[in-house]
Every structure is written in C-alpha cells, then in structure tokens.
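Input: a single structure, listed below in structure tokens.
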Amino acid sequence: MEFLPELTNIAKDIDSIQGDDLNIDMLQPLIDLGYLTLEQCKPENIHRNTFLEIAVKQFRKDYETYRLHTKRFTFEPFDKEHYHHYRTNLNEAETDFIQKAVSFEGGFIISELPTFGKVTLASRIVHYRLEIFGLYGKASYHGIDAPFTNESLEKLQILKGFWEWEAIGDVSVLNWLGRLNVLIEQIFEELNKDKNRNKKDIFVLEDGTFDTTRFGIDKHDTLEELLCHYEFMARLFQIHLWVNGLYHGAIDGVIKSNGSKQEQRKAQRKTKREERRQNRRNRRNQSDEDNDADEIDAEAEKEEAFSTENAIVEMVRYLNESEDIERPNNKPFEVDYFYGKWNNTATYRINVINILERTRALQIKDNSESIAEIIDKNDAKNNAEEDKIRNQLFDKNGRFSDLVKKELVLRKDNFLKGTRRKIYYGIQQFKRVFRRIIGVFKKIGDFFKKAFNVIKRISILVYQEVKEGIKVFIHGFSFLVGKRRIATKRVPKNQNISEIERDNLPENIVTKFDLDCDIKQFVCKGLSEKEIKNHNEKCQNQINSLSISLIVTAIVLKWVLILATNAVTFPTILLMVGKTLRRVKWRKLGHVF
Amino acid sequence: MAESNLKMVIEKALKSLERAATDLATVEVTTLTGEVKHVLGADNKGIDLSKAMERLNSGEIELVAHTNIKFDQDTLVFVSNKSNDEHRKLYQLHKDSVVAAQEARNAFLHFLNEFIRRDTL
C-alpha cells in the first residue's frame with residue numbers, strides 16, 4: 001500500500017477511536033462557559049444537533065466580536081465537504097481559544113469588568129472563574145450564562161474582605177483567579193503577615209463538611225467569611241492538584257476521607273467471600289471467589305481514585321520522589337504533614353498552604369511543548385524508558401494500542417457522568433508536570449509506576465496531539481502530492497439525503513489548484529449568489545489552513561529525510577507530527593492561530 | 001513496508017516540487033462558466049476541467065475572466081464583456097480566487113523556505 005493512503009487510513013482509525021459524536025475537547029469548555037449543558041450534548045438527546053448548532057453559533061459570534069477579525073480554518077481534505085460539519089463543531093483555532101479561556105495560566109486577561117446587564121464572552125469567563133472557586137452560582141438565578149451584575153461579585157467581595165484586599169481592584173483579583181501561580185503567590189504574601197498565620201489550615205469532618213469550630217477565629221472575621229474562605233481554599237487546593245495532573249475528581253471543595261470507606265470495603269469483601277465459600281463451594285473454584293472479591297475492590301478503588309484524599313497520597317509519593325523538591329530535614333514527607341486527623345478528634349486538618357508551598361517547585365520552567373516531544377526519542381536522548389512508553393502506546397502495526405482505546409472509552413464514560421474533571425486544558429504547566437512525572441517514573445519501582453498511572457495519563461494527551469497533528473500533516477502533504485480540487489454539489493433544497501446520495505450528485509463548481517498555485521475553475525450557469533459564496537468560503541478555509549499545514553509538513557518531511565530508513569516507523573511519524581504541530585502553533589506561528 | 005516507502009514518496013514529491021518552484025514566478029487564475037452537461041466526465045458526476053478548457057472556443061463554454069500576475073506584480077486581466085448579474089457574481093468569485101491563489105503561493109513559498117533552511121524548530 002502507498003504511504004499516503006496508509007497514513008490516511010491510520011488517521012481514520014485514530015478518528016474513529018473517539019468518534020465525532022462526542023468531541024470532549026470542544027464540549028467540555030463549551031459546557032464550562034455555559035454555552036451548552038451536558039444533557040443537551042448527550043448522544044441520546046434527539047435535539048442534540050440543534051443545541052450544538054446554537055451553542056457553536058453563539059460562541060462564534062462572541063469569539064469574533066472579541067477577536068474582531070478571525071480566519072476560519074479547516075484541515076479536512078480538499079475533496080471532503082466540511083461545511084455542514086462546521087455548523088456543529090468548532091475549528092482548531094476556536095477550540096484552542098476556548099481551551100485557553102478556561103485554563104488557569106493567564107490565557108485570557110480581562111482589562112475591565114464585563115458590561116453590566118449583558119452576557120458576553122468576558123462575563124462567561126468571569127462567572128466560570130468565580131464559580132470554580134466557589135464564589136458564584138449557589139443561588140438559583142446565578143448561571144455562567146447569566147448577565148453580569150453586581151451580584152456576580154458578591155462573594156468575591158467577601159473573599160477580599162477576609163484577606164483585606166479591599167484596596168485591590170476587582171479586575172486584578174479576577175485575573176489572579178485566571179492565573180493560579182499569581183494567586184498562590186498573593187496568598188503566600190498574606191500568610192507571611194503575622195495576623196494571618198492561623199489562616200493556612202482548613203478543617204473538615206470525615207464527610208467533607210467544614211468544621212468551623214477549630215479555627216482560631218479572628219474576632220473581625222465572620223462565620224460567613226470563614227466558610228467562604230474554607231470553600232475557596234479547598235477548591236484552590238483541588239484546582240492546583242488538578243492543574244498539576246494529580247487530581248481528576250470534581251472541583252467541589254469537598255474533601256472527604258476514604259478511611260471508613262476502606263474499612264467498610266474490607267468488611268464487605270470478607271463477608272462476600274465467606275458467603276460464597278459457604279454457598280458455592282461445589283460449583284466454583286477458589287480463583288473465581290478471589291476474582292469476585294477483586295472486582296468489588298476494583299470498583300471501589302476506581303471511585304476512590306477520584307477522591308481528593310487519594311490525590312493527596314499520590315502527591316506525597318510524588319514529592320518524595322522528586323529530587324528538586326525541598327524536604328524539611330531531608331526526611332520524606334508524611335501524608336499527615338498535609339492532611340490528617342486533628343488532635344485525635346473527628347476533625348481532619350488540611351494544611352493547604354504547606355501543600356501549595358511544597359508543590360511550588362512544579363512551576364519551574366521547562367521548554368517542552370508537547371507530550372509527544374517528551375517521549376519521542378528521536379529528539380531526546382535515546383532512552384529505554386521512552387521506548388517502553390512508546391511500546392505501550394502503539395501496537396505492532398503502528399496503531400494506538402488497546403490501552404489507549406480503553407482510556408478514551410473511560411474518558412467518554414467519565415465525561416457523561418458529569419461529576420469529574422477530565423483533562424486540564426492549560427498549555428505550559430501541564431507539559432512541565434508530565435516531563436517531571438516521567439522523570440520520576442524512570443527512577444522508581446513498579447508500585448509507584450502503578451500509582452502514578454503514567455501511561456494512562458499520557459495516553460489521552462498523546463492521542464489528542466497525534467489526532468490533530470496527523471490531520472494537519474495529511475492536509476499539507478496532500479496539497480503537495482494530491483489532487484488539490486475543491487468541488488461543490490448542488491444539494492436539492494428541503495431534502496434530507498444520505499451521504500451516498502450526496503456522493504452521486506453532479507458537481508456544480510470546481511476549483512482546481514496546480515502545485516504552483518495557479519487556479520482553474522468552472523462554475524455552472526444559473527447558480528445562486530449563496531451557492532457561489534459557500535464554495536468561495538470553502539476554498540478560503542482551505543487556503544487559510546495551508547499556512548499552518550505546509551509548515552508542519554515541511555518540518556516533518558525534513559526530519560524524515562534525516563532519519564535512517566529503519567527509524568521511519570508509523571509511531572515515529574505520528575509522534576513527530578504531534579509535536580511539530582504543537583511547536584508550530586505555540587512557539588513560532590502562534591500569531592496565526 | 002509502506003513506512004520505508006516514505007522516503008521514496010518524498011523524493012518523488014521533491015522532483016515535482018522542483019518543477020513547481022520554477023513556475024512560482026507567475027500566478028494564473030482562469031474562471032469558466034457554461035452548462036454543466038458539456039463538461040461532465042465519464043462518470044457523469046465530476047466536472048472535467050480539461051474538457052472545459054478544450055471546449056472554450058466551441059461557444060458552449062465561456063471565459064469569465066483570466067488573470068496573470070507576474071513576480072514583479074505586473075498584472076494582466078482579461079474580463080468578459082458581458083455585464084449581467086450572473087457575470088458580476090462570477091467575476092467576484094474570480095477576484096476572490098486571485099487572492100486565494102496568491103495566499104496559497106505564499107504558503108507554498110514558506111513551505112519551501114522551511115524545507116531548505118538548515119535549522120528547524
């Protein structure tokens with residue numbers, strides 16, 4: 001088989017793993033910003049396409065107002081009709097933008113408060129930030145998509161009062177909320193002040209409710225302020241872990257203990273085992289009984305894997321294995337140092353500040369732009385660990401392995417459950433963290449490897465990078481060696497026709513590009529202005545995309561020519577296109593997007 | 001194995017790129033119109049552009065416009081002398097296509113530049 005058709009088949013396979021029906025990378029931020037609800041975009045919702053169309057249209061309107069002028073892109077093949085797909089899907093540039101808008105790395109800076117009484121992109125982003133930090137959205141009339149009013153900032157004022165930030169403008173604090181590093185630094189600064197020393201712990205009961213009786217309450221602080229602060233800090237802590245790839249549960253400010261659940265599970269397991277031994281001894285063997293018990297454990301552990309307590313335990317392991325994280329007296333950290341029972345009472349103390357402080361080193365600068373780059377040995381040192389990771393991600397035929405497919409299915413399930421954070425969409429911080437995790441991963445034993453779930457975490461990110469990269473590369477490469485022909489067919493009005501019927505319709509307009517970019521085109525007589533305009537926009541979208549896809553193609557082709565023939569395997573090409581697109585987008589040609 | 005064919009594919013592509021690069025000095029855009037039945041290919045679905053070019057002098061196919069832009073921006077434009085609404089729409093499409101051709105050429109020049117430069121991202 002020829003190279004390009006084979007690569008195209010791989011790209012189709014990659015696409016089909018996740019499918020078009022649930023593009024989580026686009027849907028999650030649209031939900032976060034209140035353009036859509038989870039119920040509206042579920043595959044079983046019969047009005048799903050209508051909701052998607054409305055959401056995409058509204059976002060596009062807001063986005064274009066914000067950006068004033070925006071180019072439209074498509075990396076669909078030249079000969080594929082992409083126009084109808086556009087109505088319910090964001091393109092690559094729009095998806096990048098919306099992901100930045102919901103990230104916590106300063107991806108969207110607000111220069112002034114949103115217009116009062118209006119719903120704008122800025123009002124949605126402000127509401128989203130406030131809501132995720134527990135400062136908005138409790139009352140029934142509040143929603144991310146509600147008009148921006150004075151009430152939007154009510155809780156922010158309480159928080160400002162607690163930290164005595166009254167002199168600081170609302171816009172500044174709202175921007176801190178969108179830039180986690182800065183926010184944490186501001187809180188550290190406050191805690192260095194003597195009067196605030198007792199504000200670094202928060203106290204919770206086993207079920208996650210706040211225990212306000214333990215706080216050495218300052219007479220100036222009200223209970224309302226304290227609760228607001230507790231929830232804010234609990235959420236800040238969860239967001240911090242989430243952004244650093246250590247937590248994937250809900251951002252809800254609820255920090256429960258798994259302790260009694262584990263005890264319950266042990267007891268449950270013992271009882272079940274006993275029952276089965278008694279009742280089914282003659283029918284089933286010992287290994288089946290063990291499997292049953294293991295299933296109970298696996299199910300419960302699956303849920304616990306999303307708990308905040310689990311994230312803390314994992315974080316402590318991680319901190320103890322990281323060389324550049326300072327430890328007091330060079331002793332390993334204990335979980336109790338951050339989280340544990342308070343003076344033998346039923347209360348748990350969470351030292352949020354210790355956690356934030358000890359994980360500060362995570363923010364050190366690293367130049368990697370993509371996960372694909374981290375594990376692509378052709379660009380890094382030839383390392384056996386990277387090889388192992390690659391072998392787990394790809395099967396012998398160069399396709400993504402079953403492990404990756406399983407993770408993507410799990411991701412879909414989790415998304416549809418609606419209570420868990422999935423992937424953090426920040427750009428820089430995430431990559432740094434993963435390089436570090438891989439660094440740690442290289443040194444430690446199997447137990448910790450399992451705990452860190454490195455492969456599972458990486459697999460989705462690599463999948464996303466490769467899926468996007470391969471599409472762009474094929475777009476550019478096809479321009480060089482393909483037909484470069486854009487055609488429009490006349491689809492009869494008010495008729496729902498199948499893809500096959502659509503394929504059989506005669507063409508009405510054809511635009512053909514030569515490789516030297518000369519154009520020949522034919523337009524059938526009697527077409528409406530709208531039909532001609534649609535075709536023209538299709539051509540324009542394709543040409544806009546060429547500025548990116550041809551650069552990516554040039555870099556990849558150059559690399560392939562440099563490599564020895566036996567090193568040009570499909571996984572190499574896939575990782576290469578993934579990392580190249582990221583580099584092109586974020587470092588060199590960022591302005592194009 | 002297909003993977004190892006990649007180098008051959010690239011080398012083959014490079015030869016055609018070489019030819020294209022020599023022709024990048026000019027941009028030519030040609031827009032034609034007519035009844036679609038005269039230009040359909042053998043499958044009766046797809047438009048055959050070479051057939052359309054061949055029939056240009058037969059009276060069945062009309063030339064809406066032709067633009068030739070040289071590297072130094074010297075431009076030659078031929079426009080049909082018809083001035084009805086239909087032609088106005090088609091001429092607008094032609095003008096947009098000239099811009100698209102220039103943008104595509106710029107993207108292609110960037111490609112060549114990226115491909116031949118020694119350093120990389």
Side-chain angles (χ1 to χ4, degrees), chain A residues 1-4 6-7 398 476-477 479-481 487 503-527 529 532 535-536 539-540 543-544 546-547 549-551 553-555 557-561 565-566 568-570 573 580 583-584 587-588, chain B residues 2-14 16-17 19-24 26-36 39-40 44-47 49 52-53 61 64 86 89-90 92-94 96-108 110-115 120-121:
Chain A
M1 202 178 192
E2 289 292 325
F3 170 75
L4 188 58
E6 191 159 356
L7 199 62
F477 196 60
F479 185 83
L480 301 179
V481 300
D503 277 350
N504 285 327
L505 292 169
E507 292 170 349
N508 271 330
I509 315 181
V510 164
T511 299
K512 166 102 172 64
F513 289 81
D514 292 336
L515 188 54
D516 60 6
C517 303
D518 289 347
I519 289 178
K520 287 185 188 69
Q521 60 188 348
F522 178 87
V523 189
C524 173
K525 274 192 167 172
L527 293 186
E529 194 157 358
I532 294 173
H535 177 82
N536 196 14
C539 296
Q540 197 59 57
I543 299 307
N544 289 340
L546 272 182
S547 59
S549 66
L550 282 178
I551 294 282
T553 306
I555 296 167
L557 295 186
K558 199 154 63 172
W559 271 113
V560 171
L561 287 178
T565 303
N566 60 3
V568 187
T569 61
F570 274 122
I573 294 169
T580 305
R583 285 185 182 189
V584 168
R587 190 179 296 173
K588 206 171 184 191
Chain B
E3 292 162 349
S4 56
N5 285 341
L6 178 60
K7 285 201 171 196
M8 283 161 56
V9 173
I10 293 173
E11 278 157 16
K12 203 174 148 193
L14 285 178
S16 56
L17 291 183
R19 283 196 300 274
T22 57
D23 213 15
L24 279 170
T26 59
V27 169
E28 282 194 277
V29 178
T30 310
T31 304
L32 308 171
T33 188
E35 295 294 336
V36 77
V39 293
L40 284 180
N44 239 12
K45 291 189 297 184
I47 291 170
L49 279 168
M53 293 298 282
I61 304 299
V64 176
E86 174 97 15
K89 284 185 294 195
L90 296 178
Q92 185 57 48
L93 174 71
H94 177 83
D96 291 341
S97 300
V98 171
V99 176
Q102 286 175 307
E103 283 177 11
R105 190 179 67 163
N106 283 344
F108 190 60
H110 281 127
F111 164 83
L112 291 173
N113 180 41
E114 189 63 54
F115 193 74
T120 193
L121 281 173

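In what follows, chains are A, B, ... by sequence order, proteins preceding strands, each numbered from 1.
Of the two parts of Val523(A), the backbone and the side chain both hold a non-hydrogen atom closer than 4.5 Å to a non-hydrogen atom of chain B. Heavy atoms closer than 4.5 Å to chain A are found in the side chain of Val39(B), but not in its backbone. For a residue to count as touching a neighbouring chain, one of its non-hydrogen atoms must lie under 4.5 Å from one of that chain's; by this rule Ile519(A) touches chain B with backbone and side chain alike. Of the atoms belonging to Leu49(B), it is side-chain heavy atoms, and not backbone ones, that fall under 4.5 Å from chain A. At a 4.5 Å heavy-atom cutoff, the contact between Phe522(A) and chain B is made by backbone and side-chain atoms alike. For Glu28(B), the parts lying under 4.5 angstrom from a heavy atom of chain A are both the backbone and the side chain. Of the atoms belonging to Leu112(B), not a single heavy atom falls under 4.5 Å from chain A.
Note that the CG atom of Asn113(B) and the CD1 atom of Ile551(A) stand 7.5 Å from one another [nearest 0.5 Å]. A distance of 11.5 Å separates OG1 of Thr580(A) from CD1 of Ile573(A), quoted to the nearest 0.5 Å. Rounded to the nearest 0.5 angstrom, Gln540(A) CD and His535(A) NE2 are separated by 11.5 Å.
Leu32(B) approaches Ala52(B) most closely through the heavy-atom pair CD1-CB, 3.9 Å. Considering every non-hydrogen atom in both Phe513(A) and Ala104(B), the closest pair reads CE2-CB, 4.3 Å. When every heavy atom of Leu480(A) is checked against every heavy atom of Phe108(B), the shortest pair comes out as CD2-CE1, 3.7 Å.
The closest donor-acceptor contact from the side chain of His94(B) to the backbone of Leu90(B) lies at 3.5 Å or more, if one exists at all. Although no hydrogens or angles enter the test, the distance criterion places a donor-acceptor pair under 3.5 Å between the side chain of Asp516(A) and the main chain of Asp518(A).
Each of Leu93(B), Asp96(B), Val36(B) has some count of heavy-atom pairs under 4.5 Å with chain A, and the biggest count is that of Leu93(B). For chain B, the option among Glu507(A), Gln521(A), Lys525(A), Glu529(A) with the highest count of heavy-atom pairs below 4.5 Å is Gln521(A). In terms of heavy-atom pairs under 4.5 Å with chain B, the best-connected choice from Leu527(A), Leu515(A), Thr553(A) is Leu515(A). Of the listed residues (Ala107(B), Ala100(B), Gly34(B)), the greatest number of heavy-atom pairs within a distance under 4.5 Å of chain A belongs to Gly34(B).
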